[in-house]
Structure formats: C-alpha cells, structure tokens
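Heads up: the structure comes next, in structure tokens.
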Amino acid sequence: MKAAEDQVVDEDTSFQDDEETFFQDIDLLQKHGINVADIKKMKLVGICTVKGIQMTTKKALCNIKGLSEAKVEKIKEAAGKMLNVGFQTAFEYSAKRKQVFHITTGSQEFDKLLGGGVESMAITEAFGEFRTGKTQLSHTFCVTAQLPGEDGYPGGKVIFIDTENTLYPRNDWNNRTACVLCTLHLDSGPSRPDRLKDIADRFNVDHGAVLDNVLYARAYTSEHQMELLDFVAAKFHEEGGVFKLLIIDSIMALFRVDFSGRGELAERQQKLAQMLSRLQKISEEYNVAVFITNQMTADPGAGMTFQADPKKPIGGHILAHASTTRISLRKGRAEMRIAKIFDSPDMPENEATFAICAGGVSDAKE
C-alpha cells in the first residue's frame, strides 16, 4: 500500500520544480520600493503574484482599502519592470505552451476526444441534463489529477468548490476529511466522499492519501463562490506547483438562485463575467486546469426556429466565450454516456462514448 500511496502527488520531481518557478512572488516588489503593508493588502484579496497585478485593473487595485491612486501607479510601474508586458513572438509563446499538461478523464476514448484530457491554462466546461455524468466526471478527476501521467506529469492536489452538495462530508468520516477552505456544516447523510474511495480502489491508490489531497469548500451564494476564489489563489500561491486542478460543480447553480427574472439578468451576467475572468487568470497565472460543470435549460423559442434540440446550456454568450473547451454530455444505453465537442479552439467536432462504473468514468465495453 505504501508504494501505491507514493504514486499520489509525487512532489520530488523536476517537473514540480519548474512549476514552482512558473510565477514570480509578489514579495519581490519590495526590491522596487513597494512596502510590505501594501503587499499584504493585495494578498488579502488573492493577488499573490506579479502577473496577478498585471491581470488586475488599476480601478480594481484602487478599490483595495489603503491603496491610493499614487500607490497603484507605483505598483503597476514596478510590476511592469519585472514582466514582459509587450508582444512576444509566436515561437516564444509556443515554448511557453510546452508547460501545458493534460489530466486524464479515466477513459481513453474520452481522452482522445480532448487531445489527452483536460488541459491546464484553460477552462473546460461540461454541460448536460441530470444523470449525464457531469458530477461523476468531477469525482473521477479528483483522483486522476493526483496520478502521474504522460510527458512527465507528476500528479497534484485538487480544489473542489461544491455549489450543489455533490461532495458533502459527514461527521463519521473517521477524521479523514479533506482540508477545507471555509467552515463546513457537517451532516450524517450519505457519505459521498466514499465515491472517491471507490475510484481510488480502481487505480490502486491509498484512500487516505487521495482524500487528503482534495481541498473541499461548499459555496452557499454566488458572492461566496467568488470570495472562495481569493482563497484558491492564496492556496495555489502558498503551495506553488502542488495544485493541478480546480473543479467547480456547478458554475451556474447559485447564479440561478441569486438572480431571477429578466430584470436581474444584466447584473447576473456581469457578475458571472467577473468570475469567469478570475478563473481564466488563475488558470494561466498558476498553470492549473479548471474544470466546471454546467446545467441546461429549455429554450421556449426553439420551437419557432425548428431546432432539433430545444435545450441549451445556461450562462449565455458570457460563459460560451469564457470556456476554452465546451463538452456536451448526453445519456446513452444503461450506463453509457456520449460526450461531444461542442466548442474548442483546436479539437474537431467529434463524439466519444464512455461508461460510468463503480470506479468512475471508464471506457465503454462493447
């Protein structure tokens, strides 16, 4: 069992050393005359790297309590000296893209559809009706992200933000609960973390190691969901190169509750755009994969346009443009599910069949 445990999150690799130098710590700004107090203020809102400053507008920085316009100008100027804020050649960008890694879905056919699995520095969205495998895919990623993979990928830890009560800890979990980012209400209901144990058994890895490497947070409102991203950025910074995957299941559930009717639609989409922008920046800043699930809704106007399928993913154009790769999931026979590339910058529109079994997502058996 010790050998199996060693397979999970092997931190003693050169790959991980490269990850730790992927970003520049915000503390380096002290060398350019930025005082420690101002740096701490930025860290409190999740800005922990020099690139994070580049990704934040001056207006947003000025909104941080204690940072004046003059201070923000000085901070931006210092960050600009440390980063290449201009253009780079396609060759240079291609070299940077070599640091992108892929996390397996657990199914070879599904991996082939995605070009190797979900990729880092990108947002991968899976949408479908209930019981199409969205949450099962999320649970499988919690385990597969920790396993060594192709091209020297060493495996890493996972952060799981739960908006639908899909990975709910219970109070008799033998104190093996994953470390949490916020206060959790414990319940004696069904032990869904046991689902991860079943998947760990399939890959012959230790239950305790797998569960300890999943950080879990339950989001209760869309505002809370956004606030958790500050904790996520801080954790990615604190353990540089250790975390490989951020999962949000599901991205739109709380927005549907907190904003209702057409009167609040504009505000909802604005808040959603801010969250997705933050997710994209986090994925690029720390070289992690972001996997989000999404719900579907019936389109009442589809009958007038003779659409074959009147259902569509929620979130509108904001979510459609923010997601790097969009995957449509639908039910097949029995435990079979069909995944289709709905939108991708480099993957052709194609389909793959996979199955949901006790060990998570796997290849379909003919």
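In the hydrophobic cluster analysis, where Ile, Leu, Val, Met, Phe, Trp and Tyr join through side-chain heavy atoms closer than 4.5 angstrom, I34 is grouped apart from M55. Under a hydrophobic-cluster definition in which Ile, Leu, Val, Met, Phe, Trp and Tyr are linked whenever side-chain heavy atoms come within less than 4.5 Å, directly or via other members, I47 and L67 are assigned to the same cluster. Residues L83 and L29 fall within the same hydrophobic cluster, defined by Ile, Leu, Val, Met, Phe, Trp and Tyr side chains chained together at heavy-atom separations under 4.5 Å. F231 and L279 fall within a single hydrophobic cluster, where Ile, Leu, Val, Met, Phe, Trp and Tyr are joined by side-chain heavy atoms under 4.5 Å apart, directly or via other members. Under the 4.5 Å side-chain heavy-atom criterion for grouping Ile, Leu, Val, Met, Phe, Trp and Tyr, M226 is not connected to L254 through any hydrophobic cluster.
Ion pairing of R97 with E92 is absent here, as no side-chain N (NZ or NE/NH1/NH2) approaches a carboxylate O to less than 4.0 Å. A salt bridge links K71 and D38; the closest N-O separation between the charged side-chain nitrogens and carboxylate oxygens is under 4.0 Å. Between K43 and D27 a salt bridge is recorded (basic side-chain N to carboxylate O distance below 4.0 Å). Ion pair K58/E73 flagged as a salt bridge, since at least one NZ, NE, NH1 or NH2 atom sits closer than 4.0 Å to an Asp/Glu carboxylate oxygen. By the 4.0 Å N-to-carboxylate-O rule, E349 lies close enough to K340 to be salt-bridged with it. The residues E267 and K271 are annotated as not salt-bridged, no charged nitrogen and carboxylate oxygen being separated by less than 4.0 angstrom. With respect to K74 and E77, no salt bridge is recorded, no charged nitrogen being found less than 4.0 Å from a carboxylate O.
Remark: the E284 side chain and the Q280 side chain contain an N/O donor-acceptor pair separated by less than 3.5 Å. Defined by atom type and a distance below 3.5 Å, a donor-acceptor pair is missing between the side-chain atoms of R337 and Q136. Residues D151 and H102 have side chains that never bring a donor and an acceptor to within less than 3.5 angstrom of each other. Judged by distance alone, the side chains of E164 and Q295 do bring a donor and an acceptor atom under 3.5 Å apart.
The distance from atom CZ of F141 to atom CD1 of I199, rounded to the nearest 0.5 Å, is 11.0 Å. For the atom pair NE2 of H207 and CG of L196, the computed distance is 10.0 Å after rounding to the nearest 0.5 Å. Atom CE in M336 sits 11.0 Å away from atom CD1 in I356 (nearest 0.5 Å). Atom CD of Q269 is separated from atom CZ of F259 by 9.5 Å, given to the nearest 0.5 angstrom. In this structure, CD1 in I75 is found 8.0 Å from CD1 in I39, a value given to the nearest 0.5 Å. A distance of 15.0 Å separates CD in Q108 from CZ in F354, rounded to the nearest 0.5 Å.
G46 and R278 make their closest contact through O-NH2, 3.3 Å (heavy atoms, listed as atom of the first residue, atom of the second, distance). Nearest heavy-atom pair across K244 and P154 is CE-CG, 4.5 Å. Closest approach of R330 and T132 over heavy atoms only: CA-CG2, 3.8 Å. Shown here for V50 and D25, the closest heavy-atom pair between the two residues is CG2-O, 3.7 Å. When all heavy atoms of I314 and M296 are compared, the pair lying nearest together is CG2-C, 4.2 Å. When all heavy atoms are compared, the tightest approach of F203 to G359 is CE1-O, 4.5 Å.
Contact check for L246 versus V158: no side-chain heavy atoms found under the 4.5 Å cut-off. Within the 4.5 Å cutoff, the side chain of I251 has no heavy atoms near those of the T163 side chain. S362 is listed as a side-chain neighbour of C357, based on a closest heavy-atom distance under 4.5 Å. In this structure, the side chains of I161 and L228 come closer than 4.5 Å at one or more pairs of heavy atoms. Residues T221 and Q225 are not in side-chain contact: their nearest non-hydrogen atoms beyond the backbone lie 4.5 Å or more apart. Side-chain contact between K157 and L215 is absent, with no heavy atoms from C-beta onward closer than 4.5 Å. Residues I26 and I53 have side chains in contact (heavy-atom distance under 4.5 Å, counting atoms from C-beta outward). The side-chain heavy atoms of I292 and S250, taken from C-beta on, include no pair separated by under 4.5 Å.
With hydrogens and angles ignored, the 3.5 Å screen pairs a side-chain donor or acceptor of D363 with a backbone N or O of E109. Checking side-chain atoms of S138 against main-chain N and O of K134 turns up a donor-acceptor pair under 3.5 Å. In this structure, H237 contributes its side chain and A233 its backbone to no donor-acceptor pair below 3.5 Å. N350 places no side-chain N or O within 3.5 Å of a backbone atom of L113 that could act as its donor or acceptor partner. Within the 3.5 Å criterion, the main-chain N or O of A209 finds a donor-acceptor partner in the side chain of D206.
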Let me have the donor-acceptor pairs involving side chains of residues 115-125, under 3.5 Å, with sequence neighbours excluded, atom names and distances please.
{"from": "S120", "atom 1": "OG", "to": "F101", "atom 2": "N", "distance (Å)": "3.1"}
{"from": "S120", "atom 1": "OG", "to": "N287", "atom 2": "OD1", "distance (Å)": "2.8"}
{"from": "E125", "atom 1": "OE1", "to": "S323", "atom 2": "OG", "distance (Å)": "2.9"}
{"from": "E125", "atom 1": "OE1", "to": "R326", "atom 2": "NE", "distance (Å)": "2.6"}
{"from": "E125", "atom 1": "OE1", "to": "R326", "atom 2": "NH2", "distance (Å)": "3.2"}
{"from": "E125", "atom 1": "OE2", "to": "N294", "atom 2": "ND2", "distance (Å)": "3.0"}
{"from": "E125", "atom 1": "OE2", "to": "R326", "atom 2": "NH2", "distance (Å)": "3.0"}

Is there a side chain to side chain contact (heavy atoms under 4.5 Å, CB included) between L245 and I247 once you walk through the steps?
CA-CA 7 Å; L245 176 65; I247 298 171; 3.7 Å; yes
Side chain to side chain contact (heavy atoms under 4.5 Å, CB included) between V36 and Q30, intermediate numbers included
CA-CA 7 Å; V36 178; Q30 292 180 53; 3.5 Å; yes
Could you give me the CA-CA distance, side-chain angles and deciding distance for L276 and I318, then say whether side chain to side chain contact (heavy atoms under 4.5 Å, CB included) is met?
CA-CA 8 Å; L276 292 168; I318 296 289; 3.9 Å; yes
Using the rule given for side chain to side chain contact (heavy atoms under 4.5 Å, CB included), can you reason through I341 versus E351, listing the C-alpha separation, both sets of side-chain angles and the distance that settles it, and then say yes or no?
CA-CA 7 Å; I341 293 290; E351 291 186 354; over 6 Å; no
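Other residues, nucleotides and ligands contribute at most 12 non-hydrogen atoms within 6.0 Å of the CD atom of E69. Within a 6.0 Å sphere centred on CD of Q88, heavy atoms belonging to other residues, nucleotides or ligands number more than 12.
Across T140, T144, D111, a single residue satisfies side chain to side chain donor-acceptor pair (under 3.5 Å) together with T104, and that is D111.
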